[in-house]
Amino acid sequence: RRMTFLMDVEDTAIFMQSEALKFQKAVQPFTSKAAGLPASSFTSSHRALHDMVKGKLSSGKLGHISNETYHLFKEKLHFYVRKYSMASPDGGPGEQDNGVGSDPVSLYTLVQSVMFHAGVQSLFGQQCIDDAKDIDYFRETFEKYDLDFEYGAELPSLLLPKWAACKSWLLAIMKRAVDGMAPAEKGHPKNNLLQDLVLNVDKSCAHNYGLLLLWATQANALPAVFWTLAFLHEEKHQHHLERARSEARLVFAGKEDSMTIGEEDVKGLQFVLCCVLEGIRLRSPGMITRLAVKPLKVKDYVVPAGDYVMISPYWLHRSEEKFPDPGSFCPERWQSVDVTKSGFLPGFVGFGGGRYQCPGRWFALMEMQLMVAMVIHFYSIDLVTGVPPASPLHLVGTQQPAGDCYVKLGRRS
């Protein structure tokens, strides 16, 4: 395959808007290998499925989802903090008076555990978790699948037998969840994502789409939350942490477990949102792609039909022109925009763009805001090891850390 990279920030609009470049044709071969999805099904159903997700998870329609997400996060956060920070499930010598153990915890594993468990339960239903029987094995299998996702989407399965086994296991879980699902009414606001998916695609392929949606909802948001929390807890960013924590206090403090968290409450976490967006900017994917279906003129160069045309969010987000001091974690740069009204900062492509911009971006931002805010509100974090560099092994999805980041946790009153 020939790949042509557009490296000039000003050429991003061509990439997003040109009729000569097609998103569906670029990604279809990868969906077949990554999730076993027949090409004919993807071609016929992708647009409708994209629009269904966009409508269901759009800004203004997240009221009951944000409340459910808050309570699931709170339950799972306290459970996994206790589980990972203590020498044994019942506490033991390492237990502190506040119910938090003294053992160092992998921050990435904690974030993954909480958000995966809560996200699967909220978007795909309890049936998925029940079918898997062991949520930790479910998460670990997904992690292995995600780790080699872009290789598995390119290479024959016989070269990646362990990855292929993970894919088969996850597809089987999705198949059982789809087959055991109670009938749902099309368009009902209380349907979960998997229920609406089944109503919008050929049911024989619903489990394949389910695996793709599972990857899309987990593979980007989880590492983005990790990076945001890690950056906030570096010594040089303590002033950012205190400002975000003060904001979280206003939303969460003094309220009972039965409290309701709606979209308006989440909107009160504006500086937390700035921190999340800055974390995404710094750790965006190495590339996103389109397929040229006819020749495309860019400046004085003509990209031939058949080329994969690429842009690099990672590269574009380091433009001195668009993002002064681009290598620094600077949440304040986002205070000049209201993302729900005017969109993101010029030059930011963390959620793609054009007709097929990420349809679940408002849900993703909501859950990332809540997770970051809840961690810093309920717990103090001391970095035991430094913040690791980003792994150079992945170009697709939010960058993952190259190593562990261990922390000690304390319960805040």
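Residue indices begin at 1 and follow the sequence shown.
- The ring-ring contact (aromatic ring centres under 6.0 Å, His included) pairs that include a residue from residues 37-68 are Phe23-His46, Phe42-His46, His46-Tyr356, His50-Tyr356, where partners are two or more places apart or lie in different chains.
- Remark: His237 engages His240, Phe329 in a ring pair (Phe, Tyr, Trp, His ring centres under 6.0 Å) (not counting sequence neighbours).
- Here salt bridge (Lys or Arg N to Asp or Glu O under 4.0 Å) pairs that include residues 218-241, with residues two or more places apart or in two chains, number zero.
- Sorted by first and then second residue, the salt bridge (Lys or Arg N to Asp or Glu O under 4.0 Å) pairs involving residues 268-294 (not counting sequence neighbours) are Glu278-Arg281, Glu278-Arg333.
- Residue pairs meeting the salt bridge (Lys or Arg N to Asp or Glu O under 4.0 Å) criterion with at least one partner in residues 320-330, sequence neighbours excluded, are Glu10-Lys322.
- Residues satisfying the ring pair (Phe, Tyr, Trp, His ring centres under 6.0 Å) test with Phe271, not counting sequence neighbours, are none.
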In a table with atom names and distances, give each donor-acceptor pair under 3.5 Å that connects a side chain of residues 383-391 to protein atoms at least two apart or in another chain.
| from | atom 1 | to | atom 2 | distance (Å) |
| --- | --- | --- | --- | --- |
| Thr385 | OG1 | Tyr406 | N | 2.8 |
| Ser391 | OG | Leu393 | N | 3.2 |

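- Partners of Phe142 under the ring pair (Phe, Tyr, Trp, His ring centres under 6.0 Å) rule, at least two apart in sequence or in another chain, are Phe116.
- Residues Arg139 and Asp134 are not paired through a salt bridge, judged by the lack of any N-O separation under 4.0 Å between the basic side chain and the carboxylate.
- The list of salt bridge (Lys or Arg N to Asp or Glu O under 4.0 Å) pairs with a residue in residues 158-184, not counting sequence neighbours, reads Lys175-Asp179.
- Under a 4.0 Å N-O distance rule, the pair Lys408/Asp382 does not qualify as a salt bridge.
- In summary, the side chains of Tyr80 and Ser85 do not present any donor paired with an acceptor at a separation below 3.5 Å, with no hydrogens or angles considered.
- Judged as a ring-ring contact (aromatic ring centres under 6.0 Å, His included), the pairs with a partner in residues 184-219 (not counting sequence neighbours) are, in order, Phe149-Trp215.
- A salt bridge does not link Lys190 with Glu185: every distance from a Lys NZ or Arg NE/NH1/NH2 to an Asp or Glu carboxylate oxygen is 4.0 Å or more.
- Residues satisfying the side chain to side chain contact (heavy atoms under 4.5 Å, CB included) test with Met181, not counting sequence neighbours, are Leu194, Gln195, Val198.
- In this structure, the side chain to side chain contact (heavy atoms under 4.5 Å, CB included) partners of Met310, at least two apart in sequence or on a different chain, are Met3, Phe5, Met287, Thr289, Tyr308.
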